[in-house]
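Input: a single structure, listed below in structure tokens.
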Amino acid sequence: MSAQPDIVLAGNAARSAAPIVLQATQLNKFYGSLQALRDVSFDVRRGEVVALLGASGCGKSTLLNIVAGLDSFDQGDLDIEGQPAAQFKQWHKLAYMFQEDRLLPWRTVRDNVEFGLEAQSLSRHERHERAEQALHTVGLAEFAQSWPHQLSGGMRSRVALARSLVVQPSILLMDEPFSKLDPHTRSQMHQELLRIQAGSGATILFVTHDVEEAVVLADRIVLLEPRPGRVKQIVDVPLARPRLPTDPDTAELTRQLRLKVTP
């Protein structure tokens, strides 16, 4: 058995020289008198996979929505691609994959994937080509003319992923996109996501309450604690890929992190 890894604080391990594409500095968010986020700071480097991990109520989804421009923050700073969020104009460079697949039942698989391109000045032929390529990337090219109701849950998740990838985002935001899948299908989607990320070099920021999922997927984990949501620790994951939950090092790091997740 290989040596059991200790949790490594960010900065202690060798860090990528890639540029920072997302930086949150002391973000605070209030809903009336309720403080949802307190002084949240973290960064994401180009090509990284970063997890926002924590129990329910720690502000993970609120934070992701702020990054996506779907919600505002009250204090602090948020820079995207080197620009303050308030001045950032290229929101099409960010794609958001929700918990639900949100496929439109009256549109074919390919038409669902094309949906995100319809606001862009692309010809119908260009949209078709981009959608076909995205479906090929997720292994569903032969189902382009199928309808959502004809697909399994895992296949629907792949279509949702293709719809996010087709806009060729700089940053892919994911809010527990695999939480509704059975364990076997979820594991398949993890490997599929990492395969795509390795090939494209995509930057991914994802929300999860599943410690094992965070360890399997992420390069770094931002561990949040609740009431109000705040950063408890930022953890480097010093494990080579692929990582299986049954690998001793993966299991040990998962065990250590579970002890640190505040309920």
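As the structure is a computational prediction, the values presented were derived from the model and not from experiment.
Under the 4.5 Å side-chain criterion, counting only non-hydrogen atoms from C-beta, Q191 is in contact with P242. Using a 4.5 Å cut-off on side-chain heavy atoms (C-beta onward), Y31 and T62 make contact. Taking 4.5 Å as the limit, every side-chain heavy atom of D219 sits out of range of all side-chain heavy atoms of R45. A heavy-atom distance below 4.5 Å is not found between the side chains of F143 and R158. Looking at M155 and Q150, their side chains never come closer than 4.5 Å, going by heavy atoms from C-beta outward. Side-chain contact between R230 and D39: absent, with no pair of heavy atoms (C-beta onward) separated by less than 4.5 Å. You'll find the side chain of L52 reaches within 4.5 Å of the side chain of F42, heavy atoms only.
Under a cut-off of 6.0 angstrom, the local environment of CZ in F88 is crowded, with over 12 non-hydrogen atoms contributed by other residues, nucleotides or ligands.
Q256 pairs in a side-chain hydrogen bond (donor to acceptor under 3.5 Å, both in side chains) with only one of the listed residues (E252, K260, R258), which is E252. D249 pairs in a side chain to side chain contact (heavy atoms under 4.5 Å, CB included) with only one of the listed residues (V215, V237, L239), which is L239.
Looking only at distances, no side-chain donor or acceptor of E114 sits under 3.5 Å from a matching main-chain atom of R130. A donor-acceptor pair is defined here as one N or O able to donate and one able to accept, closer than 3.5 Å; such a pair exists between the side chain of R220 and the backbone of D43. Listed for the R110 side chain is no donor-acceptor partner under 3.5 Å among the backbone atoms of A131.
Under a hydrophobic-cluster definition in which Ile, Leu, Val, Met, Phe, Trp and Tyr are linked whenever side-chain heavy atoms come within less than 4.5 Å, directly or via other members, L205 and M97 are assigned to different clusters. L194 and L244 fall into different hydrophobic clusters, where Ile, Leu, Val, Met, Phe, Trp and Tyr side chains are chained together by heavy-atom contacts under 4.5 Å. Note on V167 and V109: same hydrophobic cluster, where clusters join Ile, Leu, Val, Met, Phe, Trp and Tyr whose side-chain heavy atoms are under 4.5 Å apart, directly or indirectly. Under the 4.5 Å side-chain heavy-atom criterion for ILVMFWY residues, a single connected hydrophobic cluster contains both V138 and F178.
Atom CG in L172 sits 5.0 Å away from atom CD1 in I204 (nearest 0.5 Å). E118 contributes atom CD, which lies 7.5 Å from atom CG of D111 (distance to the nearest 0.5 angstrom).
In terms of the side-chain hydrogen bond (donor to acceptor under 3.5 Å, both in side chains) criterion, residue partners of H184 (sequence neighbours excluded) are, by chain and number, Q188.
Side-chain contact, H125 with E129: a donor N or O sits under 3.5 Å from an acceptor N or O.
For the pair D71 and K29, the salt-bridge criterion is met [side-chain N within less than 4.0 Å of a carboxylate O].
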Would you give me the side-chain donor-acceptor pairs under 3.5 Å for residues 17-27, sequence neighbours excluded?
none

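In terms of heavy atoms, L193 sits closest to M174 at CD2-SD, 3.9 Å. Between G57 and P226, the shortest heavy-atom contact is O-CB, 3.6 Å.
For the side chain to side chain donor-acceptor pair (under 3.5 Å) condition, the pairs that include at least one residue of residues 93-106, sequence neighbours left out, are N65-Y96, Q90-K93, D101-R156.
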